[in-house]
Amino acid sequence: MKAYIKMNKLFLRIVTFTLGLFIMAFGVALSVKANLGISPISCVPYVYSLKIPLTLGQLTIFFNLVLVLLQIVVLRRNYRLVYLAQLPAVFLLGLFIDMAMNIISNLYISSYVGQMALCIFSCIAIAFGVFLEVKAKIIYLPGEGLAMAISNTFKKEFGKTKIGVDVSMVAVGILSSFIFLHQVQGIREGTIFAAVLVGSIVKVFNKTLL
């Protein structure tokens, strides 16, 4: 009976985590359609998707694999094989992003007010996805995993490390955009809103839904 209860709880956690990934992916797709700048964790794959004939979801997978490798470099001997559980989550996220992009492929908003509303809604969706991901207590996505690795290795506060990682993502996105596109694309005020709002909205969800 206890084993059945444990298996049932594990199943519910996996479902919660998977649902969180899908909602997060949908939020990313909405931020693309808002056309005001994509969230920090997705800005690098998005910039490269404008140059390379691969989908945003496929490039998200490749980018997150790089983040996993960076975790290994940072943690070295402290890296645990269990962290490789991030890999199936990464592939799911990439698949979900492409699914979401296809679902809303015909969505187009021309007015700035409408774009801003969609941008804010995308932040809420991403935040709720993150909330479910954390609530499931299965594994962190590579972006959070890298911040955690740096925090543990260099004894820094996780919150500050996460901000540093996000800022680095935006910086790499801007640099890549200048190099390959000769102008900044995909990184605008919406990127800043996502960087500021998502964490705050997650806190609201934690207080009201837990």
Side-chain angles (χ1 to χ4, degrees), residues 10-34 37-50 52-72 79-105 107 118-119 121-149 162 165-166 168-170 172-173 176 186-187 190-191 194-195 197-199 201-202 205:
L10 178 60
F11 176 74
L12 289 175
R13 287 167 59 192
I14 292 174
V15 170
T16 299
F17 183 81
T18 304
L19 180 61
L21 287 182
F22 181 75
I23 294 174
M24 194 186 309
F26 210 86
V28 170
L30 289 174
S31 71
V32 172
K33 289 297 183 177
I38 199 164
S39 62
I41 192 64
S42 300
C43 65
V44 175
Y46 179 74
V47 167
Y48 281 91
S49 73
L50 299 176
I52 300 174
L54 293 174
T55 66
L56 178 58
Q58 290 168 340
L59 287 168
T60 295
I61 292 172
F62 285 123
F63 179 65
N64 277 275
L65 291 178
V66 172
L67 296 183
V68 170
L69 291 176
L70 288 176
Q71 290 178 47
I72 296 174
Y79 189 83
R80 294 174 155 188
L81 289 179
V82 70
Y83 297 156
L84 292 178
Q86 293 175 8
L87 296 181
V90 163
F91 282 94
L92 266 181
L93 179 62
L95 175 65
F96 287 158
I97 287 176
D98 284 342
M99 285 176 58
M101 289 294 291
N102 286 330
I103 290 171
I104 61 173
S105 60
L107 178 64
L118 190 60
C119 177
F121 187 69
S122 76
C123 290
I124 295 172
I126 293 172
F128 189 61
V130 171
F131 165 75
L132 292 178
E133 173 204 339
V134 173
K135 183 178 172 130
K137 295 180 181 178
I138 293 180
I139 194 71
Y140 289 109
L141 286 175
E144 286 75 32
L146 178 59
M148 188 70 72
K162 181 64 171 68
V165 169
D166 286 346
S168 298
M169 304 286 186
V170 175
V172 171
S176 299
I187 302 167
T191 305
L197 288 179
V198 170
I201 297 171
V202 170
F205 286 139

One should read off an interatomic distance between I138 CD1 and Q86 CD, to the nearest 0.5 angstrom, of 13.0 Å
Is the closest side-chain heavy-atom distance between I41 and L67 below 4.5 Å?
yes
Just say parallel, tilted or perpendicular for the rings of F131 and F205, cut-offs at 30° and 60°.
tilted
Between the CD1 atom in I201 and the CZ atom in F128, the distance rounded to the nearest 0.5 Å is 12.0 Å
Output for pair (Y48 OH, C43 SG), nearest 0.5 Å, gives 10.5 Å
Q) Are any of the side-chain heavy atoms of L21 and L132 separated by less than 4.5 Å? A) no
Q | Whether over 12 other heavy atoms sit under 6.0 Å from Y140 OH | A | no
Check: Are the side chain of K33 and the backbone N or O of M101 linked by a donor-acceptor pair below 3.5 Å?
Finding: no
Residues C123 and V198: closest non-hydrogen pair is O-CG2, 3.9 Å
Q.
One pair to check against side chain to side chain contact (heavy atoms under 4.5 Å, CB included): Y79 and L84. What are the steps and the verdict?
A. CA-CA 9 Å; Y79 189 83; L84 292 178; 3.4 Å; yes
Could you check whether any side-chain heavy atom of I14 comes within less than 4.5 Å of a side-chain heavy atom of T18, counting everything from C-beta outward? yes
Is L56 close to I38 at the side-chain level, that is, under 4.5 Å between some pair of heavy atoms?
yes
Contacts of D98 meeting salt bridge (Lys or Arg N to Asp or Glu O under 4.0 Å) (sequence neighbours excluded), chain-then-number -> none
Q. Can you tell me if E133 uses its side chain to pair, donor with acceptor, with the backbone of L141 under 3.5 Å?
A. yes
Distance-only, no hydrogens or angles: does the Q71 side chain make a donor-acceptor pair with backbone N or O of P142 under 3.5 Å?
yes
CZ (F22) and CG (L95) are apart, to the nearest 0.5 Å, by 9.5 Å
Those residues at least two apart in sequence (or on a different chain) that pass side-chain hydrogen bond (donor to acceptor under 3.5 Å, both in side chains) with Y83 are none
Rounded to the nearest 0.5 Å, the OG atom of S42 sits from the CD1 atom of I126 at a distance of 6.5 Å
Side chain proximity check, F26 to I103, heavy atoms < 4.5 angstrom: yes
Closest non-hydrogen contact found for A100 with A25 is CB-O, 4.0 Å
Interatomic distance, OG1@T55 vs CD1@I61, rounded to 0.5 Å, equals 7.5 Å
| query | Is there a donor-acceptor pair under 3.5 Å between the side chain of T191 and the backbone N or O of S39? | reply | no
Using a 4.5 Å cut-off on heavy atoms from C-beta on, say whether the side chain of I139 contacts that of F17. yes
Note: A34 and C119 closest approach over all heavy atoms is CB-N, 3.8 Å
Check your understanding: Can you find a pair of side-chain heavy atoms, one from L107 and one from L118, that are under 4.5 Å apart?
Key -> yes
Using a 4.5 Å cut-off on heavy atoms from C-beta on, say whether the side chain of N64 contacts that of V68.
no
Tightest non-hydrogen contact, residues I187 and G173, listed as CD1-C, 3.4 Å
